[in-house]
Student: 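Once you've had a glance at the structure underneath, I'll fire off some questions.
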Amino acid sequence: MKNIEISIIFKNIAKLLTIKGEPGFRIRSYEKAADIISDLAEDVSILIEEGKLQSISGIGKTIEEKSKEILETGTCQAYEKLIAEMGVEVLDLLNLKGIGGKTASLLYNDFGIKNLNQLSDMLESGKLQEIKGIGKKTMETISVSLEFLNTHKGTRILARCLDVVAHLSEIINACDAVNRFELTGDVRRLEEICQSIEIVVECQDNIVETQSALIDTFSTHKQPLQTEISNDENCTDKIPSLESIEKIHLLVDNGFPVTVYLCIAEDFESVLFLTTPTNEHLAEYRNVCGQSESSDFLIASRDKTETEIFDNLEMSFIPPELRKYPDSVALACDDKLPVLIDYNDLRGDLHTHTDWSDGAHIMEDMVAAAIKRELEYYAITDHSVSSFVANGLDQERLLKQIEYVHRLDEETDGIKLLAGSEVDILRDGSLDFSDDILVQLDIVVASVHSLFTLSETEMTKRVIRAIENPYVMIIGHPTGRLLGRRKGYPINLDEVIAAASENKTVLEINGSPSRLDLGPEYVRKAKDAGVLIAVNTDAHSIPESERYRYGVNVARRSGLSKGDVVNTYPIEKLLQILHRNRN
DNA sequence: GCCGTTTTCGGCCCGACTGTTTTCAGTCG
């Protein structure tokens, strides 16, 4: 059980209590505890063992007891009681833009709204607009948000899938009848949003025996994923049931589909090969090899490794991340696939936070985590004054911080610290700090954090003006999207990319698992336009320093090589590139 | 629910802006 699981339960308790209409401060305590726990650098279980959990400010007796209960049983009674009473779907109400705690509570208590479908009916019947405080614009916001959530219904972001996979792996490992297993499908391709989890299992001897042993193992490990065996044959099935392939369908994590393919050793890699790509990509292989049926293909490729299968198709090995795009097959046939950036290629992080603004940890601890990651350079880029809620730094505090970073840099061996700022891009595209302040910074990341409702024209103009500022080096999370939750502000990215290309401004791939912003579609366009990319963590805590992996995933899926990513360069070259617009 | 203390309950809670109204809910990190 990881900290994140405990954190999610506390966050959900807070949400359910909000919707129920409970008074505020108890809710706030659960929210605070959830935030504290997700940011902890150590496992809750260890802190409890050492008797240290309650010494953290914000965590008292009740939170510790409930944490213990969750660690032991996968859940806690208080949470289960709320879910039983209100239903888990009611939580979706708070994911809608335009609806906050007060409105969600009103909808639930006075109108009996328990899920998005009921809300949708209410919206269509016009009853929603009768509620005080909901006018034309808010209706529109809710309607757009509802449609967005519906298109992502039943999906999970990659990070959540990997958490779920960690649990499933434990369960599968506990089954003696399994030789080995590997992820396939969406998760193997590292899709930012996944439709399902697919796993290929190599059985020890008899497939049917392994199948029934695995079903037994899954059935006895119900918590914390609410794992159920499902008979739903409509689950993602890339290959038909064959004599040599069996399947198990599961629903985990409140109804998320999992398909387990069971096969013998000889078929393991060919099943992996067939189940990894999208259907569109798979069709391209068929064009190349002329095999029309998966079953024929399977027989033809029996006992071969994936590499041998690609060899037989007379194309180079296509990394799983690229087995989505039809064009990668043509590139593989011509042996022209890019050499993808590797996770170890990053030499530094150019966008991070500390407790000077809204980070959870002190600068020294964040730096220690960076040294542990063996980074060569590390930029501190706390928020600027306009991000008030994030305790953004004003000019005076920024100047103090620059000095502090320089001093810490002198005292610290093994890493170069860069003084930076994540500067807010204001409404008109100007920045929070004047040029004579910006010139003192090693790194300037400029980001939009407010006024998401501007028109596309205004927003595009706003960001381009920031790009044109010679002191701005990187545009942070360029679309403002939150995966599965928020579409991002309206902006013409083609124009933004053209402006970045012209002004030699770097665009960011933000490694926050719920952002991953820019996404592959536009990263590819940026690469084509000669724009360099920075893969940053935007870490607000020590655990978040690990999110560089998610950023690299996006870079790989976008077909980026090491040379396309600015923070793979040695420090001298990096600064030369970033400072080239300064005179 | 947590904290702190003047030991048994009162205080916790940021700011600017938008939308919808005329006082407040929601949104940005």
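Quick note on labels: first sequence line is chain A, next is B, and so on, each numbered from 1. Heavy-atom basis, side chains included; hydrogens, waters and symmetry copies ignored.
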Student: Less than 4.0 Å between a side-chain N and a carboxylate O, is that true for Asp35(A) and Lys11(A)?
Tutor: yes
Student: How would you label the contact of Leu454(A) with the nucleic acid (heavy atoms, under 4.0 Å): base, sugar-phosphate, or nothing?
Tutor: nothing
Student: Going by ring pair (Phe, Tyr, Trp, His ring centres under 6.0 Å), name the pairs with one or both residues in residues 81-128 of chain A, residues two or more places apart or in two chains.
Tutor: none
Student: Considering heavy-atom distances to DNA chain B, does Arg427(A) or Lys97(A) have its closest nucleotide positioned more toward the 5' end?
Tutor: Arg427(A)
Student: Tell which nucleotide pairs with dG29(B), taking only Watson-Crick or G-U wobble pairs whose two distances are both under 3.5 angstrom.
Tutor: none
Student: Got a donor-acceptor contact below 3.5 angstrom from the Gln440(A) side chain to the Asp436(A) backbone?
Tutor: yes
Student: Check Arg481(A) with Glu192(A), please: is the shortest side-chain N to carboxylate O separation under 4.0 Å?
Tutor: yes
Student: Strictly by modelled atom types, are Ser386(A) and Asp424(A) linked by a side-chain donor-acceptor pair under 3.5 Å?
Tutor: no
Student: With a 4.0 Å cut-off on heavy atoms, is Leu96(A) in touch with a base, just the backbone sugar-phosphate, or nothing at all?
Tutor: sugar-phosphate
Student: Between dT5(B) and dG10(B), how many Å separate the two C1' atoms, rounded to a whole number?
Tutor: 11 Å
Student: Across the strands shown, which category fits Thr141(A) at heavy-atom distances under 4.0 angstrom: base, sugar-phosphate, nothing?
Tutor: nothing
Student: Mind checking if Ser450(A) touches a base, just sugar-phosphate, or nothing, with heavy atoms under 4.0 Å?
Tutor: nothing
Student: With rounding to the closest Å, how many angstrom separate the C1' atoms on dC17(B) and dT6(B)?
Tutor: 42 Å
Student: Tell me whether the centres of the aromatic rings in His361(A) and His353(A) are closer together than 6.0 Å.
Tutor: no
Student: Expressed as a whole number of Å, how far does the P atom of dT23(B) sit from that of dC28(B)?
Tutor: 27 Å
Student: Report which part of the nucleic acid Ser387(A) touches: base, sugar-phosphate, or nothing (heavy-atom distance under 4.0 Å, all strands).
Tutor: nothing
Student: Determine whether a donor-acceptor pair (N or O, by modelled atom type, separation under 3.5 Å) exists between the side chain of Glu69(A) and the backbone of Glu65(A).
Tutor: no
Student: Got a donor-acceptor contact below 3.5 angstrom from the Thr354(A) side chain to the Met363(A) backbone?
Tutor: no
Student: With heavy atoms under 4.0 Å as the rule, sort Lys32(A) into base, sugar-phosphate or nothing.
Tutor: nothing
Student: Check every strand shown and say whether Ile27(A) touches a base, only sugar-phosphate, or nothing at a heavy-atom separation below 4.0 Å.
Tutor: nothing
Student: Determine the Euclidean distance between corresponding C1' atoms of dT7(B) and dT18(B); express it in Å to zero decimal places.
Tutor: 46 Å
Student: Mind checking Gly392(A) for me? I need base, sugar-phosphate or nothing, with any heavy atom below 4.0 Å counting as a touch.
Tutor: nothing
Student: Need to verify one output field. Residue with the more 5' nearest nucleotide on DNA chain B, Asn391(A) or Leu451(A)?
Tutor: Leu451(A)
Student: Given the C1' atoms of dA25(B) and dT20(B), what is the spacing between them in whole Å?
Tutor: 9 Å
Student: Considering Watson-Crick and G-U wobble pairs with both distances under 3.5 Å, what does dG10(B) pair with?
Tutor: dC3(B)
Student: Say you pick atom P in dT21(B) and the same atom in dG26(B); how far apart are they, in whole Å?
Tutor: 13 Å
Student: Between dT8(B) and dG1(B), how far is it from one C1' atom to the other, in whole Å?
Tutor: 16 Å
Student: Between which nucleotides of DNA chain B, 5' to 3', does chain A make heavy-atom contacts below 4.0 Å?
Tutor: dG1(B) to dG29(B)
Student: How far does the C1' atom of dA16(B) sit from the matching atom of dC9(B), given to the nearest Å?
Tutor: 35 Å
Student: Taking syn as within 90° of 0 and anti otherwise, name the glycosidic form of dT7(B).
Tutor: syn
Student: With a non-hydrogen cut-off below 4.0 angstrom, is Gly24(A) in contact with a base, only sugar-phosphate, or nothing?
Tutor: nothing
